[in-house]
Amino acid sequence: MDVSQMSPNEMEQQLQHAVEEHRRFTTDGEVANYIPKLGSANPKTLGITVTMMDGTSFTAGDCDAYFTMQSISKIVSLLLALQDIGPERVFDKVGKEPTGDPFNSIVKLETIKPSRPLNPMINAGAIAVTSMIAGKDNPEKLERLLQLARRLTNDTSVNVNKEVYLSEKSTADRNRALAYFMRENGIIHGDVEDILDLYFRQCAIEVTCSHLAYMGAVLANRGKDPITSEKIVPEDLARIVKTFMVTCGMYNASGAFAIDVGIPAKSGVSGGIMSAVPNRMGIGVIGPALDKHGNSVGGLRLLETLSREWQLSIF
Ligand code: GLU
């Protein structure tokens, strides 16, 4: 089916149909609760927004539901750190390789010599990336992160959800362990609690699937705003993050996702998925019920169907 030939009505109808069709899969998953506040999300929520290369958006389902970016924020922090200190210095400390381990795994940090997180999409790598963001103090660094997030989502009101941030901060022993281990090994420097505080706030940036679709559209449009054509991030950096989205964006299910869906995408444990279909569209999805890898069950099914029907796979 040629999406570019579809009328806005047809497009919206297809999306609505797809959401209703796939909502039943949400009962196959569970809402994350290791961050206690995330546990209160409604598992039946399912919503989608598609933003085209001219900025036109189509939505269906629970597209007004707010949720926190969680791991999707790793894309924002990586883009900022890459702009701040350049790819060479970022990738001196954090690798470019996928991992078959869960997102919060500690095991490879110890077995790889010299110690280095495998990539910026797992927690260890993302915490290291956050530690590279420029700024005189945490409030300034957070402001810079928020500014980029607001430009990527085309909404100046995007902000941190304080309750989710505090909920993670008070329960994040695993991330603390990763960070202290990395400081001992010279991957990060300075005050670990400060670095983690910024990381928890970045993960708690609150959005809807429409924000994620816009962000995907900017990346799909090689770093340019789809409406104004203004450059938000350099093209080569947009290319780097899209490549990470393909190789490690969907946790340790990224290989299966590349085969079944075939588009650059990044998911988060709150159930969001941000996808960028190069030169075609951005897609934002929310569905808080997760599979065992931490990916939205309803969201995965939706993307799989749309990719097949609209021939979105880049492969
Ligand atoms: N804030 C979450 C954590 O560090 C993000 C994890 C995720 O979304 O994958 O555990």
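Below, each value reflects all heavy atoms present in this structure, side chains not excepted, and no hydrogens, waters or symmetry copies.
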Donor-acceptor pair, distance only, cut-off 3.5 Å: does the side chain of [X] make one with the backbone of [Y]?
{"X": "R144", "Y": "G135", "answer": "no"}
{"X": "K93", "Y": "G186", "answer": "yes"}
{"X": "D84", "Y": "A134", "answer": "yes"}

[atom2] on [Y] to [atom1] on [X], rounded to 0.5 Å:
{"X": "K96", "Y": "T247", "atom1": "NZ", "atom2": "OG1", "result": "11.0 Å"}
{"X": "D191", "Y": "L198", "atom1": "CG", "atom2": "CG", "result": "12.0 Å"}
{"X": "L300", "Y": "F257", "atom1": "CG", "atom2": "CZ", "result": "6.5 Å"}
{"X": "N295", "Y": "M250", "atom1": "CG", "atom2": "CE", "result": "4.0 Å"}
{"X": "R239", "Y": "F244", "atom1": "CZ", "atom2": "CZ", "result": "10.5 Å"}
{"X": "S131", "Y": "M182", "atom1": "OG", "atom2": "CE", "result": "7.5 Å"}

Just so I know, are the side chains of [X] and [Y] near enough to count as touching, which here means a heavy-atom distance under 4.5 Å?
{"X": "C248", "Y": "I122", "answer": "no"}
{"X": "P87", "Y": "I240", "answer": "yes"}
{"X": "D62", "Y": "T208", "answer": "no"}
{"X": "V233", "Y": "V241", "answer": "no"}
{"X": "N175", "Y": "F200", "answer": "yes"}
{"X": "H211", "Y": "Y66", "answer": "yes"}
{"X": "K44", "Y": "T27", "answer": "yes"}
{"X": "K74", "Y": "L78", "answer": "no"}

Would you check if there is a donor-acceptor pair between the side chains of S57 and T51 at a distance under 3.5 Å?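 Indeed, the side chains of T51 and S57 share at least one donor-acceptor pair under 3.5 Å.
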
Between T56 and D54, do the side chains contain a donor N or O and an acceptor N or O under 3.5 Å apart? yes

Closest heavy-atom pair and its distance - [X], [Y]:
{"X": "W310", "Y": "R280", "answer": "O-NH2, 3.2 Å"}
{"X": "L178", "Y": "A124", "answer": "CD1-N, 3.9 Å"}
{"X": "E10", "Y": "M6", "answer": "OE1-CA, 3.4 Å"}
{"X": "K224", "Y": "K231", "answer": "CG-CA, 4.2 Å"}
{"X": "G298", "Y": "L46", "answer": "C-CD1, 3.8 Å"}
{"X": "F91", "Y": "P120", "answer": "CE2-CG, 4.3 Å"}

When you group the ILVMFWY residues by side-chain heavy-atom contacts below 4.5 Å and let the links chain together, are [Y] and [X] in the same group?
{"X": "V246", "Y": "L303", "value": "no"}
{"X": "I273", "Y": "M121", "value": "no"}
{"X": "L82", "Y": "M69", "value": "yes"}
{"X": "V76", "Y": "V207", "value": "yes"}
{"X": "V94", "Y": "V192", "value": "yes"}

Has [X] got more than 12 heavy atoms of other residues, nucleotides or ligands less than 6.0 Å from its [atom1]?
{"X": "R89", "atom1": "CZ", "result": "no"}
{"X": "E21", "atom1": "CD", "result": "yes"}
{"X": "E309", "atom1": "CD", "result": "yes"}
{"X": "D64", "atom1": "CG", "result": "no"}
{"X": "R150", "atom1": "CZ", "result": "yes"}

Please determine whether side-chain contact (heavy atoms from CB on, under 4.5 Å) holds for the pair K292 and E30, giving the CA-CA distance in whole Å, both sets of side-chain angles, and the decisive distance to 0.1 Å. CA-CA 9 Å; K292 66 176 191 294; E30 274 172 37; over 6 Å; no

Please report the C-alpha distance between M52 and V3 in whole Å, then the side-chain angles of each, then the deciding distance to 0.1 Å, and finally whether the side-chain contact (heavy atoms from CB on, under 4.5 Å) criterion is met. CA-CA 10 Å; M52 309 304 284; V3 191; 4.2 Å; yes

Under the criterion side-chain contact (heavy atoms from CB on, under 4.5 Å), I'd like the reasoning laid out for N123 against Y199: C-alpha separation, chi angles, the key distance, then a yes or no. CA-CA 10 Å; N123 283 7; Y199 172 76; 3.2 Å; yes

Less than 4.0 angstrom from a charged side-chain N to a carboxylate O is my criterion; do D197 and K141 meet it? no

Identify whether the distance between the nearest side-chain nitrogen and carboxylate oxygen of E206 and K162 falls below 4.0 Å. no

Checking side-chain contact (heavy atoms from CB on, under 4.5 Å) for the pair L212/V285: CA distance, chi angles, key distance, verdict? CA-CA 7 Å; L212 294 185; V285 168; over 6 Å; no

Does D291 form a salt bridge (charged side-chain N to carboxylate O under 4.0 Å, His left out) with R301? I'd like the steps, not just the answer. CA-CA 11 Å; D291 66 12; R301 297 280 194 156; over 6 Å; no

